[in-house]
Amino acid sequence: MNLTTSVILIATALSTVLVFVSFWLPLITPDQEKVSPYECGFDPLGSARLPFSMRFFLVAILFLLFDLEIALLLPLPWGDQLPNPTTTFLWAALLLVLLTLGLIYEWAQGGLEWAE
């Protein structure tokens, strides 16, 4: 048996075992808390016209921004394979400096304070 067949066989067997364990292992004891809907800390059964917390929105947007930063910097290790890797690293450093300055600005303005 060659290496590729062995890896595929082991991955398939491990995946199958994990799927079966995940179906049979958890204890299924539904109670009022588990079956109730959860919507990010908001009361799902109340009015939908309640004012939205701008602080929560700002923190969520900042999380998405820095999550996008990680996605943009993900191909960076392959940048040294290019004919001119310094350009790639310069753009990555510029992106990091810009995001760091934005984070410092948000911190100085008090946008990251959750409670007043």
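Of the inter-residue distances, the one linking Gln81 atom CD with Thr88 atom OG1 reads 11.0 Å to the nearest 0.5 angstrom. Distance check, rounded to the nearest 0.5 Å: CD1 of Ile104 to CG of Leu99 gives 11.0 Å.
The shortest heavy-atom contact between Pro85 and Gly79 is CB-O, 3.3 Å. Closest non-hydrogen pair, Leu73 versus Ala92, comes out as CD2-CB, 3.8 Å. The shortest non-hydrogen separation linking Leu103 to Phe66 is CB-CZ, 3.9 Å.
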Enumerate, atom names and distances included, each donor-acceptor pair closer than 3.5 Å involving a side-chain atom of residues 1-10, sequence neighbours excluded.
residue: Asn2; atom: OD1; partner: Thr5; partner atom: N; Å: 3.0
residue: Asn2; atom: OD1; partner: Thr5; partner atom: OG1; Å: 2.5
residue: Ser6; atom: OG; partner: Asn2; partner atom: O; Å: 3.0

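At a threshold of 4.5 Å between non-hydrogen side-chain atoms, the residues Leu95 and Trp91 do not count as touching.
A continuous path of hydrophobic side-chain contacts links Leu96 to Trp107 [ILVMFWY only; heavy atoms under 4.5 Å].
Applying the 4.5 Å side-chain rule to ILVMFWY residues, one finds that Leu98 remains a lone member of its cluster. Taking a 4.5 Å side-chain heavy-atom cut-off between Ile, Leu, Val, Met, Phe, Trp and Tyr, the cluster of Val97 extends to Leu101.
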